[in-house]
Amino acid sequence: MREVGTVISTKDTPSSTLFHFVVKEVDSEIPVHKTQFVQVKTREGILIARVADIVKANRYFMNPEAVKEYEISGGMEFSFPVDRWEFLVAEAVPLGVYVDGREKRVTFPPSPGDKVEVADKQILSEFLGFDKNGLKIGIIPFHQVDVKLNLTKLFQKHCSILASTGFGKSYLMSVIIEEILDRKDELGKPAVVVVDPHGEYVGFAEDENYVNSTRVFSKGTITIGTPNLSASTICEFMPFITSVQRREMTKTISQLRKDKPDFSLKDLITAVELSDIKPVTKGPLVSWLSELDGTGIFGKVDNPSIEELAKMGQLSILDLSDFINLQTKQIIVTYFARKLFEARRIGSIPPFIFVVEEAHQFAPEIAPKEASISKGIIETIAREGRKFNASLVLISQRPIKLSTTALSQCNSNFFLRIINPYDIDHITKSCEGITSDIRKMLPGLKVGEAIVTGEVVNYPIIVNVRERKSKKSEKGKKLEEVLKELVDKKKKIKEDLDAF
């Protein structure tokens with residue numbers, strides 16, 4: 001392996017938690033970079049460390065008198081070469097020890113004088129816990145090591161993708177979806193269901209490589225079957241309904257099922273109006289049921305059915321981009337999320353991954369009941385889903401507004417650039433594995449860079465996300481592209497008029 005330096009002795013290092021090394025000079029090449037992985041052979045085995053920082057020093061310029069003379073001379077060269085006094089010192093954080101294909105805790109420091117090398121690619125891949133059959137989301141910078149994440153470790157205990165707007169959350173999720181859909185059939189493919197508030201994933205249905213494995217359900221095709229509703233489900237949609245109103249509604253629905261099994265929401269409203277329920281109870285109940293009917297999402301049958309929604313190796317997109325009302329969106333998410341979870345508990349559908357974009361809208365940390373209808377089922381899946389292979393992916397640009405209960409259950413996390421200090425504080429408290437150096441990196445990450453922490457990797461890593469293969473949604477066009485299209489359209493109309 002390429003040697004990059006030598007361990008040195010300082011007042012407090014080397015220790016089992018930190019060491020420094022003088023970087024070996026290499027002509028026309030930067031020998032080592034911040035965040036790069038290095039290795040040192042120690043008594044315990046091969047110690048793997050991450051370069052936390054690099055400091056450039058020059059003993060000549062540490063002397064005030066020498067600096068003054070240098071300035072007086074106008075920076076002219078002296079009889080001795082000043083640049084030879086310059087050297088680099090790297091600070092490295094030991095992560096673990098690699099011994100016979102296994103990763104162990106560091107309990108003994110390297111020795112001063114030990115040679116530091118760039119980490120071996122094969123050792124690094126095994127040390128970090130990558131899976132040769134895993135999902136390839138990108139590479140580790142400076143090493144060109146493929147980041148292949150184990151499917152079970154990534155999803156069984158849920159994961160989150162958090163970043164400020166415009167820094168690649170949906171792009172990264174699209175890459176992950178591609179990896180699932182492209183996975184070898186013999187390895188098995190889970191069902192993927194995406195809650196898509198902005199239509200960012202519908203491009204999969206327009207891509208010739210993924211059209212056969214993608215279904216899109218949008219406004220006009222999404223319906224909730226009223227005959228499948230119980231009083232408790234309706235109360236979940238309308239949290240203001242009292243226990244008395246719920247009891248009376250239960251009786252009415254029970255009788256309606258006997259008289260008209262395929263009843264509609266209007267039939268239920270009529271049955272309540274004609275019932276002998278007390279006016280003080282009946283009036284508000286009719287009003288709330290009428291409000292539900294006004295959403296236009298209730299019909300005779302569920303569409304899609306849960307069996308259509310959750311198929312092995314299929315991407316199902318609940319495209320909510322044409323729904324304006326947040327309450328309507330939350331009702332859709334609540335109903336289908338609960339049906340998915342209940343079906344998975346009894347094993348009637350395959351394991352699924354439930355992806356919630358703009359998760360802070362559907363599981364807010366603080367919000368009135370009517371604005372957090374779907375929060376309960378999302379938190380339920382977060383707490384209990386791993387027992388039944390019902391996996392959750394929460395994607396958000398405002399982590400501070402996202403339910404701490406749900407976020408804390410995500411054992412694997414992807415962080416892209418996060419600027420807001422309140423969001424950074426929130427994820428530091430809610431997500432494991434956020435060390436002080438990772439916290440400092442978050443505001444400075446570039447587009448396409450992600451930090452991966454948690455169950456899916458043995459140690460936090462920075463990843464350069466690979467390019468996506470699937471077609472991007474037309475709804476996600478850049479502002480310049482939209483403006484250019486409008487200009488071209490106006491120009492074409494003028495040309496047609498002139499020609500006419």
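Below, all heavy atoms of this structure are taken into account, side chains as well, without hydrogens, waters or symmetry copies.
- When all heavy atoms of G299 and T223 are compared, the pair lying nearest together is N-CB, 4.4 Å.
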*Before giving the answer on salt bridge (charged side-chain N to carboxylate O under 4.0 Å, His left out), spell out for D182 and K189 the whole-Å C-alpha distance, their side-chain angles and the decisive distance to 0.1 Å.*
CA-CA 9 Å; D182 292 340; K189 303 177 184 180; over 6 Å; no
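- Using modelled atom types, one finds a donor on one side chain and an acceptor on the other under 3.5 Å when comparing S230 with T233.
- Rounding to the nearest 0.5 angstrom, the gap separating the CG atom in L154 from the CD1 atom in I176 is 6.0 Å.
- For the pair H198 (side chain) and S321 (backbone), a donor-acceptor distance under 3.5 Å is absent.
- Side-chain atoms of N303 and I222, non-hydrogen and from C-beta on, never get closer than 4.5 Å to each other.
- Taking all atoms of both residues into account, the shortest heavy-atom contact from N389 to Q156 is ND2-NE2, 3.4 Å.
- Side chain of S408 to backbone of T404: a donor-acceptor contact under 3.5 angstrom is found.
- Looking at F237 and L229, their side chains come closer than 4.5 Å, going by heavy atoms from C-beta outward.
- If you take CD1 on I400 and NE2 on H360, they are separated by 12.0 Å, rounding to the nearest 0.5 Å.
- The local environment of NZ in K469 is crowded, with over 12 non-hydrogen atoms from other residues, nucleotides or ligands closer than 6.0 Å.
- Looking at D207, its side chain does come within 3.5 Å of a backbone N or O of K471 through a donor-acceptor pair.
- Remark: F217 engages no residue in a ring pair (Phe, Tyr, Trp, His ring centres under 6.0 Å) (not counting sequence neighbours).
- The aromatic rings of Y201 and F204 lie parallel to each other, with less than 30° between the two planes, well short of the 60° mark.
- Here salt bridge (charged side-chain N to carboxylate O under 4.0 Å, His left out) pairs that include residues 146-171, with residues two or more places apart or in two chains, are K136-D146, K157-E455.
- Among the candidates V192, V195, D196, I177, the single residue satisfying the side-chain contact (heavy atoms from CB on, under 4.5 Å) test with I317 is D196.
- The side-chain contact (heavy atoms from CB on, under 4.5 Å) test with Q245 is passed by exactly one of L289, L285, I234, V272: L285.
- With sequence neighbours left out, the ring pair (Phe, Tyr, Trp, His ring centres under 6.0 Å) criterion links Y171 to no other residue.
- The aromatic rings of H33 and F142 sit parallel to each other, their planes meeting at less than 30°, with 60° as the upper class boundary.
- Atom CD1 of residue I332 and atom CD of residue Q327 lie 11.0 Å apart, to the nearest 0.5 angstrom.
- Between the CG atom of L442 and the OG1 atom of T428 there is a distance of 7.0 Å, given to the nearest 0.5 Å.
- Taking every heavy atom of both residues into account, R439 and I424 meet most closely at CG-CG2, 3.7 Å.
- For I366, there are no side-chain contact (heavy atoms from CB on, under 4.5 Å) partners two or more places apart in sequence or in a different chain.
- Checking side-chain atoms of T281 against main-chain N and O of I277 turns up no donor-acceptor pair under 3.5 Å.
- A side chain to side chain donor-acceptor pair (under 3.5 Å) check over residues 330-354, counting only residues at least two apart or in different chains, returns the pairs E236-R338, D302-Y335.
- Judged purely by atom type and a 3.5 angstrom limit, Q255 has no side-chain atom pairing as donor or acceptor with the backbone of T252.
- Nearest heavy atom pair, residue P350 against residue M312, reads CB-CG, 3.4 Å.
- Contact check for I427 versus I418: side-chain heavy atoms found under the 4.5 Å cut-off.
- A 4.5 Å side-chain heavy-atom check between P351 and F388 finds every atom pair outside the cut-off.
- Remark: S391 OG to L151 CG distance equals 8.0 Å, nearest 0.5 Å.
- Residues satisfying the ring pair (Phe, Tyr, Trp, His ring centres under 6.0 Å) test with F263, not counting sequence neighbours, are none.
- In plain terms, the two heavy atoms of A363 and L402 that are nearest each other are O-CD1, 3.5 Å.
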*Run the numbers on S396 and R398 for side-chain hydrogen bond (donor to acceptor under 3.5 Å, both in side chains), then give the verdict.*
CA-CA 5 Å; S396 177; R398 290 310 315 274; over 6 Å; no
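- With E449 contributing its side chain and R417 its backbone, the two residues share no donor-acceptor pair below 3.5 Å.
- Checking side-chain atoms of T214 against main-chain N and O of V211 turns up no donor-acceptor pair under 3.5 Å.
- Between the side chain of T380 and the backbone N or O of G376, at least one donor-acceptor pair lies under 3.5 Å.
- In terms of heavy atoms, A406 sits closest to S403 at N-OG, 3.2 Å.
- By the side-chain contact (heavy atoms from CB on, under 4.5 Å) test, N133 pairs with D131, L187, sequence neighbours left out.
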*So Q397 and S164, side-chain hydrogen bond (donor to acceptor under 3.5 Å, both in side chains) or not? Walk me through it.*
CA-CA 5 Å; Q397 59 182 292; S164 300; over 6 Å; no
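- Between E178 and R183 no salt bridge is recorded (no basic side-chain N to carboxylate O distance below 4.0 Å).
- For residues 266-280, every residue pair satisfying the side chain to side chain donor-acceptor pair (under 3.5 Å) rule, not counting sequence neighbours, is listed here: K260-D267, S264-D267, K266-D293.
- L309 contributes atom CG, which lies 5.5 Å from atom CG of L318 (distance to the nearest 0.5 angstrom).
- Of the possible donor and acceptor atoms, none in the side chain of K369 sits under 3.5 Å from a partner among the backbone N and O of F240.
- Here the side chains of V51 and T35 are not in contact, with every heavy-atom distance at 4.5 Å or above.
- Residue pairs meeting the salt bridge (charged side-chain N to carboxylate O under 4.0 Å, His left out) criterion with at least one partner in residues 400-416, sequence neighbours excluded, do not occur; the list is empty.
- Between the side chains of N413 and S160, at least one donor-acceptor pair of N or O atoms lies under 3.5 Å.
- In this structure, F127 has its ring center closer than 6.0 angstrom to the ring center of Y459.
- Within the structure, salt bridge (charged side-chain N to carboxylate O under 4.0 Å, His left out) pairs that include any residue of residues 383-395 do not occur (at least two apart or interchain).
- Residues meeting the ring pair (Phe, Tyr, Trp, His ring centres under 6.0 Å) test with H143, sequence neighbours left out: F37.
- Put simply, the side chain of F341 does not reach to within 4.5 Å of the side chain of I378, judged on heavy atoms.
- Residues in residues 354-363 take part in no salt bridge (charged side-chain N to carboxylate O under 4.0 Å, His left out) pair, two or more places apart or across chains.
- Between I331 and L292 there is a side-chain heavy-atom pair separated by less than 4.5 Å.
- Side-chain atoms of F414 and L172, non-hydrogen and from C-beta on, do get closer than 4.5 Å to each other.
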